[in-house]
Novice: 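Handing you a structure now.
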Amino acid sequence: MTNEALSPELEAVVAAAAAAAPAFAATAPTDRARAIVAVADALEAAKERLVEIAMRETGLTEARLNGEVVRTAVQLRLFADTLVDGGYLDARIDPADADFALGVRPDVRRTLLPLGPVINFSASNFPFAFSVLGGDSASILAAGCPLIVKAHSGHPELSDATAEVAREALAAAGMPAGVFHLIHGREAGVAVLKDPRVKAGAFTGSIGVGRLLADIAASRPAPIPFYGELGSVNPVFVTADAIAERAEEIAQGFLTSVSGSAGQLCTKPGFVFVPAGSALPAAITAAAGDFLAEHRLLDPRIARSFEERRTAILASPGVSAVVPGGIRFDEAGQGWATPTVVTVSLDDFRRGKEALVEEAFGPLAILVETPDGTDLAALMPEFYEGNLTGTLHLSAAEATGETANAEELRALVAALSRQVGRVLFNGWSTGVAVTPAQQHGGPWPATSNDTSTSVGTAAITRFLRPVAFQNAPAAFLPEALRDDNPLGVPQAISPAGESKQWGARWR
């Protein structure tokens with residue numbers, strides 16, 4: 001089936017991706033792994049040229065971008081190892097059992113198979129790690145799904161250059177033609193998302209655009225999964241004892257996190273709840289001189305949006321600047337910002353909630369001063385729906401879980417875990433470790449689908465679907481489900497007669 005609304009150019013892209021899907025899904029995991037490693041190697045080999053383009057288009061620093069290329073290559077290689085390990089396939093085998101508790105059981109085997117072509121809408125603020133070859137793209141390719149990347153308008157030249165690196169590496173590694181494509185333009189991305197041959201979507205960006213795309217994916221005649229990372233303010237709670245113990249250290253870490261990459265990170269700590277009258281605001285003011293270098297924002301649109309949010313926050317009743325910061329625009333319309341940190345009482349925060357609680361995408365954060373006796377756990381559902389992260393800063397004694405406020409802190413941890421994807425202790429949410437156990441997601445509006453992650457090896461399962469095979473001859477089984485297990489993947493095999501013992505241990 002084709003989509004008559006597609007232009008000839010887009011029709012060629014989608015048709016090629018759909019044609020490549022069966023062959024790509026059938027590639028051996030080791031071959032796919034080698035191809036992904038080849039892409040990582042090629043990306044690093046082109047780093048100097050690509051970083052030069054990225055600096056010009058985004059204003060991000062050379063050091064930041066060099067590190068991001070390394071992170072992107074590490075992500076790709078991590079998925080290569082995930083492919084060969086095979087645990088992500090979740091292979092389950094229930095052999096035929098004449099003694100099954102509910103009668104004769106047939107042979108049933110279940111694993112995960114690639115969805116088919118996927119479109120990935122890349123991000124502006126990570127021109128490598130969440131863009132053309134970022135984590136979403138890496139997990140899509142690792143899953144065995146043809147990839148169509150919608151380039152971000154903030155770095156089109158870099159997107160084209162990175163895509164060329166990917167295409168050449170995949171072709172040289174022997175991957176089927178049509179497994180990788182790059183398109184430009186919002187209308188083109190929407191048209192491809194609507195096409196029935198596209199089986200899933202991924203996105204990193206604003207709540208408004210993410211919701212629009214998620215609704216399109218859900219309203220198709222045959223709805224498809226859509227995994228959007230949208231918005232997050234990442235609340236932080238700092239105890240009085242932690243401030244008494246290391247106020248200067250906390251202030252330095254906080255300012256580093258807020259000002260890094262000009263605050264244009266989805267994990268930036270946007271709100272910090274501190275005891276009223278604490279020494280932390282003064283410590284932040286004292287440390288701010290080291291963080292006042294001007295930094296260009298990604299593009300004029302983001303700069304204007306930040307200026308509007310900053311103006312609205314500073315105008316809200318009860319708000320006082322601890323670090324005044326600022327923003328200016330050059331002759332080209334680019335915005336240049338320095339960090340802004342403000343304080344507000346909990347009562348004024350409640351009164352000004354509509355103006356204050358929305359994310360400010362840029363180098364700005366709000367300290368909310370809480371009176372003694374405030375039920376901190378109750379603040380989470382009062383102010384927030386979902387977030388990527390929540391952080392606690394505790395004293396050394398509080399970290400043992402044996403202080404007088406231990407139950408209050410446990411309640412706060414429980415409240416955070418209900419509303420965020422990652423709970424941090426004595427650290428800062430910026431800097432997401434690329435590791436198998438990582439969870440980068442959270443309840444709405446942090447993400448459009450809270451059952452997944454966009455960082456870590458679990459991200460691959462977004463682009464797979466479960467299929468069970470019943471009484472299938474060995475010749476027709478996926479290799480992951482065969483008794484001889486040629487891939488050597490983990491298999492969960494139910495022993496005969498096991499069902500008769502289910503629940504017995506709990507009697």
Side-chain angles (χ1 to χ4, degrees), residues 2-3 6 9-43 46 72-73 75-84 86 88-89 112-122 128 130-151 159-184 188-189 191-193 195-203 224-225 227 459-465 478-479:
T2 61
N3 186 341
L6 293 183
E9 294 80 7
L10 290 180
E11 172 58 32
V13 165
V14 176
F24 194 38
T27 54
T30 50
D31 291 340
R32 209 151 67 241
R34 290 190 186 97
I36 291 172
V37 169
V39 172
D41 292 345
L43 178 68
T72 306
Q75 287 180 146
L76 288 160
R77 295 183 181 117
L78 177 62
F79 280 110
D81 283 358
T82 300
L83 276 173
V84 176
Y88 76 97
L89 291 169
L112 303 179
L113 301 177
L115 284 176
V118 179
I119 182 169
N120 175 26
F121 294 79
S122 56
F128 292 106
F130 279 90
S131 189
V132 173
L133 285 176
D136 286 333
S137 293
S139 55
I140 291 164
L141 290 170
C145 297
L147 168 64
I148 303 170
V149 178
K150 186 270 175 188
S159 297
D160 285 333
T162 307
E164 188 59 29
V165 168
R167 273 192 293 264
E168 291 179 359
L170 290 168
M175 292 298 99
V179 301
F180 180 91
H181 303 269
L182 182 76
I183 62 174
H184 289 268
V192 170
L193 181 65
D195 192 279
R197 292 163 293 186
V198 171
K199 301 303 181 184
F203 170 83
I224 58 171
Y227 300 98
I460 194 173
T461 60
R462 296 175 297 171
F463 309 110
L464 301 163
R465 67 181 185 88
E479 289 184 311

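Remember, it's a predicted structure, so these values are computed and weren't measured experimentally. Start at 1 with the first residue, then count along the sequence.
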Novice: What residues form a side chain to side chain contact (heavy atoms under 4.5 Å, CB included) with L89, not counting sequence neighbours?
Specialist: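 Checked L89 against side chain to side chain contact (heavy atoms under 4.5 Å, CB included); matches are T111, A480, V489.
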Novice: Should M175 and V39 count as side-chain neighbours, where that means a heavy-atom distance under 4.5 Å?
Specialist: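 The answer is no, as the side chains (C-beta and beyond) never meet within the 4.5 Å cut-off.
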Novice: Among residues at least two apart in sequence or on other chains, which ones pass side chain to side chain contact (heavy atoms under 4.5 Å, CB included) with V192?
Specialist: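 V192 satisfies side chain to side chain contact (heavy atoms under 4.5 Å, CB included) with L10, V14, I119, I148, I183, V198 only.
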Novice: What closest approach, in Å, do A80 and V37 show between heavy atoms, and which atom pair accounts for it?
Specialist: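 Nearest heavy atoms, A80 then V37: CB-CG2, 3.6 Å.
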Novice: Considering residues at least two apart in sequence or located in another chain, which fulfil the side-chain hydrogen bond (donor to acceptor under 3.5 Å, both in side chains) criterion with T72?
Specialist: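 If we apply the side-chain hydrogen bond (donor to acceptor under 3.5 Å, both in side chains) test to T72, skipping adjacent residues, there are no hits.
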Novice: Quick check: closest heavy atoms across P146 and G178, and the distance to 0.1 Å?
Specialist: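 What the structure gives for the nearest pair is CB-O, 4.0 Å.
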Novice: Under the side chain to side chain contact (heavy atoms under 4.5 Å, CB included) test, which residues partner A25, sequence neighbours left out?
Specialist: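 Once residues adjacent in sequence are excluded, the partners of A25 under the side chain to side chain contact (heavy atoms under 4.5 Å, CB included) criterion are P114.
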Novice: Output all residues satisfying salt bridge (Lys or Arg N to Asp or Glu O under 4.0 Å) with D41, sequence neighbours left out; order by chain, then residue number.
Specialist: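 Salt bridge (Lys or Arg N to Asp or Glu O under 4.0 Å) check on D41 returns R77.
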Novice: Closest approach of S131 and S122, non-hydrogen atoms and distance?
Specialist: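 The pair with the smallest heavy-atom distance is CA-CB, 3.4 Å.
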Novice: So which pairs with a foot in residues 133-150 pass salt bridge (Lys or Arg N to Asp or Glu O under 4.0 Å), sequence neighbours left out?
Specialist: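 The answer is D136-R462.
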Novice: Restricting to ring-ring contact (aromatic ring centres under 6.0 Å, His included), what partner residues turn up for F24, sequence neighbours left out?
Specialist: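 For F24 there are no ring-ring contact (aromatic ring centres under 6.0 Å, His included) partners, ignoring immediate neighbours.
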Novice: What pairs with S137 under side-chain hydrogen bond (donor to acceptor under 3.5 Å, both in side chains), at least two apart in sequence or on another chain?
Specialist: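 Partners of S137 under the side-chain hydrogen bond (donor to acceptor under 3.5 Å, both in side chains) test: N120.
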Novice: Among all residues two or more places apart in sequence or in another chain, which pass the ring-ring contact (aromatic ring centres under 6.0 Å, His included) test with F463?
Specialist: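 Listed in chain order: Y227.
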Novice: In chain order, what residues pass the side chain to side chain contact (heavy atoms under 4.5 Å, CB included) check against A172, with sequence neighbours excluded?
Specialist: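 If we apply the side chain to side chain contact (heavy atoms under 4.5 Å, CB included) test to A172, skipping adjacent residues, there are no hits.
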Novice: Quick one, S159 and V149 - any side-chain contact, counting heavy atoms below 4.5 Å?
Specialist: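 No, every pair of side-chain atoms sits at 4.5 Å or beyond.
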Novice: Who are the salt bridge (Lys or Arg N to Asp or Glu O under 4.0 Å) partners of E168, not counting sequence neighbours?
Specialist: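 E168: no salt bridge (Lys or Arg N to Asp or Glu O under 4.0 Å) contacts found.
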Novice: Looking at Y88 and T461, what are the two nearest heavy atoms and their distance?
Specialist: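 Closest pair (atom of Y88, atom of T461, distance): O-CG2, 4.3 Å.
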Novice: With sequence neighbours left out, what residues match D31 under side-chain hydrogen bond (donor to acceptor under 3.5 Å, both in side chains)?
Specialist: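 In terms of side-chain hydrogen bond (donor to acceptor under 3.5 Å, both in side chains), with neighbours along the sequence ignored, D31 is linked to R34.
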Novice: Find the distance between CZ (F79) and CD1 (I36) and round it off to the nearest 0.5 Å.
Specialist: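 The distance works out to 8.5 Å.
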